[in-house]
Peer 1: 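Below are the structure tokens for one structure; questions will follow.
In the text below, chain A, chain B and the rest are named by the order of the sequence lines, each starting its count at 1.
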Amino acid sequence: MVRLYDSLSGTVRELRLRDPGRVSIYVCGPTVYDFPHLGHGRFTLVWDALRRWLSYTGLEVTYVSNITDIDDNIIARANRDGRTEAEVAGEYEDHWWKAMAAIGVARPTHTPHATEFVAAMVETISSLILRNIAYRTSDGVYFDVSRVADYGLLAGQPLESLRAGARVEMVLEKRSPLDFAVWKNAKAGEPSWPAPFGDGRPGWHTECVVMSLDLLGPGFDLHCGGMDLRFPHHENERAQASALDLPFAQHWAHNGWVMVGGDKMSKSLGNFTSLTDMLAQTDSRAYRLLVLRSHYRSPIEVTPTTVADAERSLERFDAMARRFDVPVHRSENFARSRELNWSEETLALLDRVGALLENDFDTPQAIATLFEALTVANAAADGGEMDRGRALAHAIGSLLAGLGLALRGEEKADIDGETALLVRERDEARAGKNWSEADRLRDELVARGWKVEDGSAGTIIRR
RNA sequence: GGCGGCGUGGCCGAGCGGUUAGGCAGGGGCCUGCAAAGCCCCGUAGUCCGGUUCGACUCCGGACGCCGCCUCCA
């Protein structure tokens, strides 16, 4: 059974499932008003890898991740660009999915848009008002945090201490600086929806609690997001569910930051790199390997250096895939791999990596183990034990695929006639021990962008 | 001010009270016509100061430094 750190209890504990064999996961998605940056890339890769792994082990995963398509930032952007909010949201949502596809993040089971759930949000807010937990002011409806007994649990601080440090601008009509807007009254020119308590639009914290409960039902298993969502966003989601006596997420998981020279990458610091830009110049799989190589709760440095580093180490796995002709695993799973790889050695590898991942998703140890196994596989093959090497390589490829990392095996590169001729000439030169001519032809091929290796059957080229 | 985290070899980055993390880069060797790929060997790191212990990078205390959350933020 998978054990994961739970931010609410502060301990690594078993991820208990509401329905045996099925996992329900909600991950807070993006607000679409700008290009995705590396931080978005990390959280989507981390939770996508977890999702894939759980699925690989045989669980049926329902994975929900929202798109926030109405909020202050979108309105600001629309005003600045002289466009409608829907146009802005639509454009950046397109960029979002393109980037997700590029880094190999699987489409969530459901991708709810906030604007599609406003009616349900209005109902929730009405209930809160009815219970006297939310109250109306001149600019909207606010949630009274003092009405939730354990408010501050996710923040790890009691209400009083949070209140003391509150940096929120005090709005006169708010009862506490920590009270948050569940509804914002309509302003001229802004999109709005009808509601008995006044036309307007929903607050961010209400969106996620409504959509997660609506699609996954009460008491769903796991709620994930970046560390900064822990408070106040997740705390406020919890508070609303709690105020309405609805069982909420049973387990909370938060991923660490992308760091830039020691600082958190963030919009407000302006030190972010667009995910789209980075993908344009690197093998997108390198970012996944970089993410998996460190623990999901640790901060990671993402710089051209660390990405290039990951790219080179990825090349070793790809070389293995070529050498042993590892198939691209698509619908692979753990049980099937155990059946296929029934040597003692490969079973041990599968089980060891499985055990590591079940221990708070210890991907760095898992990856290290796979690198070690890679060396063993190559050494075995070098020593003449080709079958042994191949069995290990296939197990490695399957496990990596289980984490969403597809190896690049033998590619059927398009070799034009001219290049093919150079290869043939080089093989002839080598056969005739005409080394200077063979080297000249190799240089020629390299100049044309090919990587050249001498195999037992002659010159091997690839891009 | 409150709460939390971090400080590891050239770089990235882990687990662990005593036994090799791993990757990248670098050096030496094997293989190769030469390369490439692959294999083998190598640097024996843990901010500082105390303490606990037979033994600490790993536990405790302190100092210094850095970061995050308490405001929109993945």
Side-chain angles (χ1 to χ4, degrees), chain A residues 7 10 27-31 33 36-47 71-73 76 152 154-158 160-169 177-178 180 204 224-233 235 254-259 262-269 272 289-290 293-295 297-303 305-317 319-320 322-323 356 359 362-372 374-383 389 430 433-436 438-439 442-443 446 451-455 459-460:
Chain A
S7 306
V27 180
C28 286
T31 299
Y33 69 100
H37 60 70
L38 296 184
H40 296 106
R42 183 184 192 186
F43 94 80
T44 50
L45 282 169
V46 162
W47 304 122
D71 102 311
D72 292 349
N73 288 310
L154 262 175
Q157 300 190 70
E160 273 320 306
S161 118
L162 283 167
R163 187 176 278 147
R167 289 181 280 164
V168 195
E169 263 183 69
L178 293 173
F180 57 91
W204 182 42
C224 309
M227 211 79 97
D228 51 354
L229 296 189
R230 188 168 162 165
F231 189 91
H233 184 53
E235 186 73 52
H254 295 97
N255 61 277
W257 307 122
V258 168
M259 306 294 284
D263 289 322
K264 170 191 172 189
M265 176 174 289
S266 72
K267 299 293 270 190
S268 39
L269 285 177
F272 56 91
L289 183 59
L290 188 60
R293 225 169 55 168
S294 64
H295 191 82
R297 287 192 278 126
S298 301
I300 52 170
E301 284 282 340
V302 183
T303 63
T305 311
T306 61
V307 172
D309 178 324
E311 215 170 2
R312 281 190 295 271
S313 54
L314 181 62
E315 171 54 27
R316 289 189 59 206
F317 280 128
M320 174 197 83
R322 287 193 300 272
R323 178 175 195 179
L356 286 167
N359 177 28
D362 193 351
T363 57
Q365 291 288 337
I367 296 292
T369 301
L370 293 176
F371 270 111
E372 284 171 350
L374 161 63
T375 298
V376 173
N378 276 322
D382 283 356
R430 291 189 68 225
K433 296 194 191 296
N434 185 354
W435 306 129
S436 58
D439 290 350
R442 176 168 57 202
D443 291 345
V446 169
K451 289 178 179 165
V452 182
E453 289 179 24
D454 291 343
T459 300
I460 297 168

Peer 1: P atom, B:G38 versus B:G23: distance in rounded Å?
Peer 2: 12 Å
Peer 1: Within this structure, what is the CG-to-C1' distance between A:Leu290 and B:A14, rounded to whole angstrom?
Peer 2: 14 Å
Peer 1: Please pick, from B:G33, B:C39, B:G13, the nucleotide with the shortest atom-to-atom distance to any side-chain atom of A:Ala379.
Peer 2: B:C39
Peer 1: Taking atom P of B:A21 as reference, at what distance in whole Å does atom CG of A:Leu374 sit?
Peer 2: 19 Å
Peer 1: Dot-bracket, RNA chain B: Watson-Crick or G-U, under 3.5 angstrom, [ ] crossing, | other strand?
Peer 2: (((((((..(((.....[...))).(((((.......)))))....(((((..]....))))))))))))....
Peer 1: B:A36 and B:C30: how far apart are their C1' atoms, nearest whole angstrom?
Peer 2: 15 Å
Peer 1: How far does the C1' atom of B:C41 sit from the matching atom of B:G5, given to the nearest Å?
Peer 2: 39 Å
Peer 1: Taking only side-chain nitrogens and oxygens of A:Thr375, does any of them come within less than 4.0 Å of OP1 or OP2 of B:C39?
Peer 2: yes
Peer 1: What is the distance, rounded to the nearest whole Å, between atom CD1 of A:Ile300 and atom C1' of B:G13?
Peer 2: 10 Å
Peer 1: Using a cut-off of less than 4.0 Å, is there contact between a side-chain N or O of A:Arg430 and OP1 or OP2 of B:A35?
Peer 2: no
Peer 1: Counting just side-chain N and O atoms, does A:Ser298 come under 4.0 Å of either OP1 or OP2 of B:G13?
Peer 2: no
Peer 1: Check whether any side-chain N or O of A:Arg293 sits under 4.0 Å from OP1 or OP2 of B:C12, and answer yes or no.
Peer 2: no
Peer 1: Side chains of A:Ser7 and A:Leu154: closer than 4.5 Å at any heavy-atom pair?
Peer 2: yes
Peer 1: With RNA chain B as reference, determine whether A:Trp435 or A:Pro299 sits nearer its 5' end, using the nearest nucleotide of each.
Peer 2: A:Pro299
Peer 1: Taking only side-chain N and O atoms of A:Arg442, does any of them lie within less than 4.0 angstrom of OP1 or OP2 on B:A35?
Peer 2: no
Peer 1: When rounded to the nearest Å, what value does the distance between P atoms of B:G68 and B:G13 take?
Peer 2: 16 Å
Peer 1: I'd like the C1' distance from B:G17 over to B:U52, given in whole Å.
Peer 2: 12 Å
Peer 1: With C1' as the reference atom in both, quote the distance from B:A14 to B:G22 in angstrom, rounded to an integer.
Peer 2: 8 Å
Peer 1: Starting at CD of A:Gln365 and ending at P of B:G15, how long is that distance when rounded to a whole Å?
Peer 2: 7 Å
Peer 1: Could you please name the option among B:A14, B:C12, B:G38 that lies closest to any side-chain atom of A:Ser294?
Peer 2: B:A14
Peer 1: P atom, B:C12 versus B:C73: distance in rounded Å?
Peer 2: 30 Å
Peer 1: Nucleotide by nucleotide, 5' to 3', does protein get under 4.0 Å of the base (B), only the sugar-phosphate (S), or neither (-) in nucleotides 68-74 of chain B, counting heavy atoms?
Peer 2: SSBBBBB
Peer 1: Toward the 5' end of RNA chain B, which comes first, A:Pro364 or A:Gly455, by nearest nucleotide?
Peer 2: A:Pro364
Peer 1: Write down the distance separating the P atoms in B:U32 and B:G27, rounded off to the nearest Å.
Peer 2: 22 Å
